[in-house]
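Data first, discussion second: the structure below is written as structure tokens.
Note that this is a predicted model, so its numbers are computed, not measured. In each ligand, atom 1 is the first atom listed, and ligand 1 is the first ligand listed. Below, all heavy atoms of this structure are taken into account, side chains as well, without hydrogens, waters or symmetry copies.
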Amino acid sequence: MRLAQLEQFNPITIQCHDNPDADALASGFGLYTYFKDKGKDVRLVYAGRNIIQKSNLTLMVDKLNIPVIYLQDTDIPVKGLLITVDCQYGAGNVTRLSAENIAIIDHHQVEIDNVEMSEIHSDLGSCATLVWQMMREEGYSFEGKINLGTALYYGLFADTNQLSDIYHPLDMEMRDSLQHDKSLIYLFKNSNLSLNELEIAGMALMKHFYNDEFQFAIVKAKPCDPNILGLISDFLIQVDEIKTCVVYNELEDGIKFSVRSCVREVRADELASFLSKEIGSGGGHLEKAAGFIVREKYEAYFKNVLSEAYFNEKMKGYFLKMR
Ligand SMILES: [Mn+2]
């Protein structure tokens, strides 16, 4: 699919996944800028239970003037075209809006394969890279567009462990060629969590549970931004003995969790989908994934089972099944 193909539609709504991260915002901003320049009536939105509150993300939105809107009423049908970016329409991590036409631009493992206008490149480090490449393909010039360049660069930066997990030539090319504001990247990088979140992460890590037979860890955190769950699991997976881990918290309407794997035998996206099978949804990348378990469904199947026991049993079940 090419961006030029999508120019037949107007208006255009670009939707990031719920709890948008830097890469979703950057990719959305790229597409927004592209279609705005084409004279389209375009808006950039996200939905879900949380509004953006992590400091690196609020800084990113403010400093780069990213015109992202939190959609409160998700029952209003979308006119023209809806593009889900850094996520796949119909997947569990993005609020489903009804729309006349749907397109997908993403870099996660394919979860949804019934949307015709799709561009999914699971081998790319960031969705920002994909958007950058698609814009370039249409002859778009990034010359002098520092805010846009900084956003896309930071999207890649955030999704590739500060640029250390870059393997695809396109990711390298974007990293090396995109004009960006270095001092802003430095500021975002050093505003990744608040003191309160530091405490949540610290307490959660202290009470980790470790299974030495299968070398997995489980950590329960207090309610927090889902991006913090990712941060905690990124830290945990660096422990030599921990090969896979789940970090989660309990919310009113369900359980949000983050998964990491550093071994080939376990695909994080598959594990996330296994942990939420029948009672929620999960997906992501080979090494990093996430999911959500719906409270009502959990209660229906596992009434009176503590979340700690649930994850422990499920994880053990997963490894036993693999034997
Ligand atoms: Mn991404």
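- A cation-pi arrangement is present between R49 and F292 under the rule of less than 6.0 angstrom and at most 45 degrees off the ring axis.
- The number of heavy-atom neighbours closer than 6.0 Å to NZ of K243, taken from other residues, nucleotides and ligands shown, is above 12.
- Aromatic ring pairs are classed by plane angle as parallel below 30°, tilted from 30° to 60° and perpendicular above 60°; the pair F216 and F214 is parallel.
- In this structure, the side chains of Q109 and E111 stay at 4.5 Å or more apart for every pair of heavy atoms.
- Contacts of E7 classified as salt bridge (Lys or Arg N to Asp or Glu O under 4.0 Å), with partners at least two apart in sequence or in another chain: none.
- Protein N, O or S atom count below 2.8 Å of the Mn ion (ligand 1): the structure gives 4.
- Y248 and F311 have tilted rings, their planes meeting at an angle from 30° to 60° on a 0 to 90° scale.
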